Amino acid sequence: MAPKGQEQSKIEDLINPVAYKSNLQALNFLRNFVAVVAGIFVGICGVVGWHGFVYHFLAQLACVVAMFLKGCTNPTSYFATWNNLLFFGVFSSTTLLSYILFWMIFYNICHVF
């Protein structure tokens, strides 16, 4: 037990804010890049309808696997929780709209025009 007046430090107190922000920016960039590539791939393949979003979430899951294989085997060293690695930026408007934009552009280029 900690003496009165001294509290045990939380995980948030042990994280460098600058490094944490840099890690989240790198993860966000990777997620956006994967969303664009997945949108291009799905558009070329001619996927239509709501099930096209399944490929977006599969691509985002592949992003987590890539980060894990790259060296983030202990996410608490780089992120506050596992949830940051798994879900940060998956449902962001930038990632989803980039996916939809490139999906529709490449679908139209390959299958409509």
Side-chain angles (χ1 to χ4, degrees):
M1 289 210 47
K4 189 174 182 179
Q6 291 181 351
E7 297 179 17
Q8 291 181 333
S9 63
K10 298 178 186 177
I11 188 79
E12 292 85 16
D13 297 335
L14 301 175
I15 293 177
N16 181 356
V18 176
Y20 182 69
K21 182 179 178 183
S22 175
N23 293 339
L24 289 178
Q25 286 175 343
L27 182 61
N28 192 31
F29 176 79
L30 179 64
R31 288 199 185 275
N32 286 329
F33 180 75
V34 167
V36 168
V37 171
I40 291 170
F41 177 76
V42 170
I44 290 172
C45 290
V47 177
V48 294
W50 286 102
H51 65 276
F53 288 101
V54 172
Y55 294 105
H56 170 69
F57 296 116
L58 288 175
Q60 295 303 319
L61 182 63
C63 180
V64 172
V65 172
M67 286 293 285
F68 190 78
L69 292 176
K70 184 179 178 194
C72 187
T73 55
N74 186 10
T76 55
S77 298
Y78 303 100
F79 304 103
T81 63
W82 269 89
N83 289 338
N84 285 345
L85 179 63
L86 294 175
F87 300 116
F88 179 77
V90 173
F91 302 106
S92 74
S93 60
T94 306
T95 304
L96 279 171
L97 291 177
S98 297
Y99 174 78
I100 293 169
L101 174 71
F102 283 92
W103 177 18
M104 293 297 111
I105 287 174
F106 278 86
Y107 178 83
N108 287 331
I109 288 172
C110 295
H111 300 283
V112 175
F113 297 123

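Treat the numbers as computed from the prediction; the structure is a model and nothing was measured.
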Grouping I, L, V, M, F, W and Y whenever their side-chain heavy atoms are under 4.5 Å apart, do [X] and [Y] come out in a common cluster?
X     : Y      : value
Val36 : Val90  : no
Val34 : Leu96  : no
Trp82 : Phe79  : yes
Tyr99 : Val64  : no
Val42 : Phe113 : no

Can you sort out the partners of [X] under side chain to side chain contact (heavy atoms under 4.5 Å, CB included), two or more places apart, ordered by chain and number?
X      : value
Phe87  : Asn83
Leu101 : Ile105
Cys110 : Ile44

inquiry  = Strictly by side-chain hydrogen bond (donor to acceptor under 3.5 Å, both in side chains), give each pair with a member in residues 51-60 just once, sequence neighbours left out.
reply    =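 Passing the test, one end in residues 51-60: Arg31-Gln60.
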ask   = Under the side-chain hydrogen bond (donor to acceptor under 3.5 Å, both in side chains) rule, what pairs show up with a residue in residues 101-113, not counting sequence neighbours?
value =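 Non-adjacent pairs meeting side-chain hydrogen bond (donor to acceptor under 3.5 Å, both in side chains): zero.
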task = Answer yes if the side chains of Asn32 and Thr95 hold a donor-acceptor pair under 3.5 Å, and no otherwise.
result =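 Yes, side-chain donor-acceptor contact under 3.5 Å.
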ask   = How about Phe41 and Phe102: are their ring centroids closer than 6.0 Å?
value =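 They do not qualify: ring centres at least 6.0 Å apart.
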Straight-line distance of Phe68 CZ to Leu85 CG, nearest 0.5 Å =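 Here the interatomic distance stands at 9.0 Å.
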Distance-only check: which donor-acceptor pairs under 3.5 Å involve side-chain atoms of residues 17-28, not counting sequence neighbours?
unit_1, atom_1, unit_2, atom_2, d
Tyr20, OH, Asn84, ND2, 2.4
Asn23, ND2, Ala19, O, 3.3
Asn23, ND2, Tyr78, O, 2.9

key: Phe33 atom CZ: more than 12 heavy-atom contacts under 6.0 Å   =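 Open: at most 12 neighbouring heavy atoms sit under 6.0 Å from CZ of Phe33.
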